Amino acid sequence: MKLERRDDSHICIYVHPTSWNGKENIGNKISAPLGGVIYLEQGDQNSIDGLSVHNGILPVYKQFIVLPDTEEEIRSLSRIIETMFRNYPVLKYINLGNDESTILLRNRINEIIEERYEI
């Protein structure tokens, strides 16, 4: 992830792919602006809700593959996470892994897109 400031002073987070494409070999090497974050958790129900900074900071922090070693790296990661929570939808998605959970997620993402882009 990388923070970039655009000409209009808007800060954008860009995500960059890894070279791992899984057994299906589906993937590409194109970087893209972040659209949102979904924190996935398996559970005994299907639900998707907004995740507040208070409840989400530690779960999201723990998802980074390379954790910071120095104070400067900690500050940099903290800036990225702060920007993420201030500017992007961050959701906690609890699911059973069934068809209904997939439909729930797709519908919620569509709602966010419609709200964000006033479609």
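All values derive from a computational prediction rather than experimental measurement.
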- Out of curiosity, Ile48 CD1 to Glu41 CD, how far, rounded to the nearest 0.5 Å? 12.5 Å
- Sub-4.5 Å side-chain heavy-atom contact between Asn46 and Asn98: yes
- Hey, are the side chains of Ser76 and Arg79 touching, using non-hydrogen atoms and a 4.5 Å cut-off? yes
- Message: Heavy-atom count check: over 12 atoms from other residues, nucleotides or ligands less than 6.0 Å from Gln42 CD?
- Response: no
- If Ile, Leu, Val, Met, Phe, Trp and Tyr residues are connected whenever their side-chain heavy atoms lie under 4.5 Å apart, and connections chain through other members, are Leu58 and Val90 in the same group? yes
- Item | Test item: Asn55 side-chain N/O and Leu51 main-chain N/O as donor-acceptor pair under 3.5 Å | no
- Task: Starting at CG of Asn95, measure out to CG of Asp44 and round the result to the nearest 0.5 Å.
- Result: 11.0 Å
- Item | side-chain contact (heavy atoms from CB on, under 4.5 Å) partner of Met84, the single match among Val53, Val37, Ile57 | Val37
- Message: Return the CG to CG distance between Leu104 and Asp99, rounded to the nearest 0.5 Å.
- Response: 12.5 Å
- Should Leu105 and Ile94 be counted in the same cluster of Ile, Leu, Val, Met, Phe, Trp and Tyr side chains packed under 4.5 Å apart? no
- Query: Within a radius of less than 6.0 Å around CD of Glu71, do more than 12 heavy atoms belonging to other residues, nucleotides or ligands occur?
  - Reply: no
- Task: May I ask you to decide whether Arg108 forms a salt bridge with Glu111, counting only side-chain N to carboxylate O separations under 4.0 Å?
- Result: yes
- Message: With a 4.5 Å cut-off on side-chain heavy-atom distances among I, L, V, M, F, W and Y, is there a chain of contacts connecting Val60 to Ile74?
- Response: no
- Task: Return the minimal non-hydrogen interatomic distance between Ile112 and Pro89, and the atom names on each side.
- Result: CG2-CG, 3.6 Å
- Between atom CG of Leu34 and atom CD1 of Ile80, what is the distance when rounded to the nearest 0.5 Å? 10.5 Å
- Are Phe85 and Val15 joined in one hydrophobic group, where the rule is that I, L, V, M, F, W and Y side chains link up if heavy atoms are under 4.5 Å apart? yes
- Message: Is the shortest side-chain heavy-atom distance between Leu77 and Tyr61 below 4.5 Å?
- Response: yes
- Query: Are Leu91 and Leu40 connected in the hydrophobic side-chain network, where two residues link if heavy atoms are under 4.5 Å apart?
  - Reply: yes
- Taking the side chain as C-beta and beyond, is there a heavy-atom pair between Ile13 and Thr83 under 4.5 Å? yes
- Expected output: side-chain Tyr39 to main-chain Gln63 donor-acceptor under 3.5 Å: no
